[in-house]
Amino acid sequence: MHDVNHKLFLKKKFDQYFLKDQNIAKKIVNSLSFESYNTVVEIGPGLGILTQYLLNQNPYHHIFLIEIDEELISFLKKIFPIYKNQIIHRDFLKWNPEEINLQNFAIIGNFPYNISSQILFHILRYNQYIPECIGMFQKEVAKRITSHQGKKTYGILSVLVQTFYDVKYLFTVREKVFFPIPNVQSAVISLKRKNENTNFNKSMLFQCVKIAFNQRRKKLKNSLQLFKHIPNFQEIPFLNKRAEELSVKEFLQLIKEIEIRK
Ligand code: SAH
């Protein structure tokens with residue numbers, strides 16, 4: 001276990017909140033199931049608090065670390081020298097797993113909160129390669145991801161993530177275990193990919209869900225005006241409901257109905 005002065009490394013522009021609690025770090029890493037993969041990609045390893053447990057626990061598994069901060073990259077290469085070729089200096093949002101031929105891996109990370117939704121969208125983009133994700137989010141975002149129909153927090157993130165993954169709120173993490181102390185609580189959640197047939201138009205789903213929730217008070221027949229010209233539009237189910245009333249399954253049914261009429 002290395003002892004570092006977090007202050008020396010801190011850069012606000014990369015939204016860094018370093019976790020200091022070893023037990024929580026261990027608990028996060030232990031949440032990975034290793035059921036159907038043996039490669040793990042860590043987003044934003046920072047000073048390596050999660051990484052060391054990842055390596056301790058599974059020295060034979062493949063790991064890749066993706067970190068945007070060059071100074072942290074040098075630090076990580078110093079403390080984990082034998083993994084230096086797996087330490088990638090990149091913006092995760094611009095990283096494509098196909099570049100290094102990765103086709104089946106889990107994601108783990110204490111994510112930079114300012115881009116956490118974008119990280120999720122990036123994961124959804126490559127969901128065919130990603131069977132599992134364990135991530136720390138701002139608590140409020142974790143609640144939204146794991147929310148269900150009818151709740152106030154139910155929205156775009158809930159529907160899109162839960163279309164592809166079974167989600168679970170694992171535990172809440174208090175502010176004081178980070179340096180610096182953030183203004184908000186955090187929470188760790190798990191995503192496990194569903195086995196269900198995902199035979200539907202992905203971009204149609206994203207488009208419909210975004211439009212429907214951007215006007216969440218309106219009935220779908222009004223918010224989805226974009227499709228009103230398609231044959232038999234009126235017969236599409238759920239049009240008299242609002243976005244927040246539709247379950248994830250019903251959203252899929254809705255877009256399939258739109259799709260067959262187009
Ligand atoms: N995992 C560490 C650090 C968490 S802070 C810990 O728990 O202590 C978030 C980390 O994400 C920082 O190391 C930050 O530099 C990194 N980061 C921020 N934006 C990033 C991006 N776009 N791509 C990859 N890493 C990023």
Side-chain angles (χ1 to χ4, degrees), residues 1-32 40-58 63-80 83-84 86-97 99-100 102 105-126 130 133-142 170-190:
M1 233 129 285
H2 54 280
D3 206 13
V4 290
N5 183 348
H6 299 85
K7 230 183 202 158
L8 289 178
F9 289 91
L10 188 66
K11 291 191 198 70
K12 270 280 159 75
K13 68 171 170 179
F14 294 133
D15 208 33
Q16 294 169 345
Y17 291 96
F18 298 117
L19 180 64
K20 292 191 307 179
D21 188 304
Q22 300 294 338
N23 288 323
I24 295 176
K26 216 181 294 177
K27 203 165 152 191
I28 295 174
V29 172
N30 285 340
S31 304
L32 285 167
V40 180
V41 171
E42 186 182 353
I43 305 175
L47 295 161
I49 183 162
L50 298 180
T51 321
Q52 63 186 351
Y53 290 108
L54 212 49
L55 297 175
N56 283 353
Q57 186 200 38
N58 285 298
I63 65 152
F64 291 93
L65 311 178
I66 302 180
E67 173 55 65
I68 199 168
D69 182 341
E70 198 166 7
E71 203 183 351
L72 290 175
I73 288 284
S74 319
F75 176 83
L76 291 163
K77 286 185 174 168
K78 230 175 267 164
I79 60 169
F80 304 123
Y83 295 96
K84 70 175 192 298
Q86 285 133 270
I87 301 175
I88 304 169
H89 181 207
R90 283 295 279 283
D91 175 350
F92 174 71
L93 301 177
K94 297 191 178 131
W95 179 74
N96 174 349
E99 285 167 26
I100 50 173
L102 271 192
F105 58 94
I107 293 239
I108 195 167
N110 167 14
F111 300 141
Y113 296 160
N114 60 348
I115 55 164
S116 59
S117 303
Q118 292 165 68
I119 288 176
L120 281 170
F121 284 117
H122 206 62
I123 290 172
L124 296 183
R125 191 167 300 134
Y126 293 109
I130 309 175
C133 168
I134 302 291
M136 176 125 66
F137 292 83
Q138 203 173 308
K139 182 178 171 183
E140 176 257 326
V141 176
L170 297 181
F171 52 91
T172 305
V173 181
R174 281 179 306 160
E175 299 92 318
K176 65 169 197 198
V177 298
F178 297 96
F179 179 84
I181 297 177
N183 294 323
V184 291
Q185 286 194 325
S186 301
V188 177
I189 63 172
S190 106

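All ligand and atom numbering here is 1-based and tracks the order in the structure.
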Could you give the N/O to N/O pairs under 3.5 Å linking ligand 1 and the protein, each with its distance?
from     : atom 1 : to     : atom 2 : distance (Å)
ligand 1 : 1 (N)  : Gly44  : O      : 2.8
ligand 1 : 1 (N)  : Pro45  : O      : 3.4
ligand 1 : 7 (O)  : Asn110 : ND2    : 2.8
ligand 1 : 8 (O)  : Leu19  : N      : 2.8
ligand 1 : 13 (O) : Gly46  : N      : 3.4
ligand 1 : 13 (O) : Glu67  : OE1    : 2.7
ligand 1 : 15 (O) : Gln16  : NE2    : 2.9
ligand 1 : 15 (O) : Glu67  : OE2    : 2.6
ligand 1 : 22 (N) : Asp91  : OD1    : 2.8
ligand 1 : 23 (N) : Phe92  : N      : 2.9
ligand 1 : 25 (N) : Ile68  : N      : 3.4

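- By the salt bridge (charged side-chain N to carboxylate O under 4.0 Å, His left out) test, Glu175 pairs with no residue at all, sequence neighbours left out.
- Proximity of a side-chain donor or acceptor of Asn114 to a complementary backbone N or O of Asp15 within less than 3.5 Å is not detected.
- Asp91 pairs by the side chain to side chain donor-acceptor pair (under 3.5 Å) definition with nothing, not counting sequence neighbours.
- In this view, Glu70 satisfies the salt bridge (charged side-chain N to carboxylate O under 4.0 Å, His left out) rule with no residue, not counting sequence neighbours.
- Checked by atom type and distance alone, the side chain of Glu67 pairs as donor or acceptor with a backbone atom of Gly46 at under 3.5 Å.
- Although no hydrogens or angles enter the test, the distance criterion places a donor-acceptor pair under 3.5 Å between the side chain of His122 and the main chain of Phe92.
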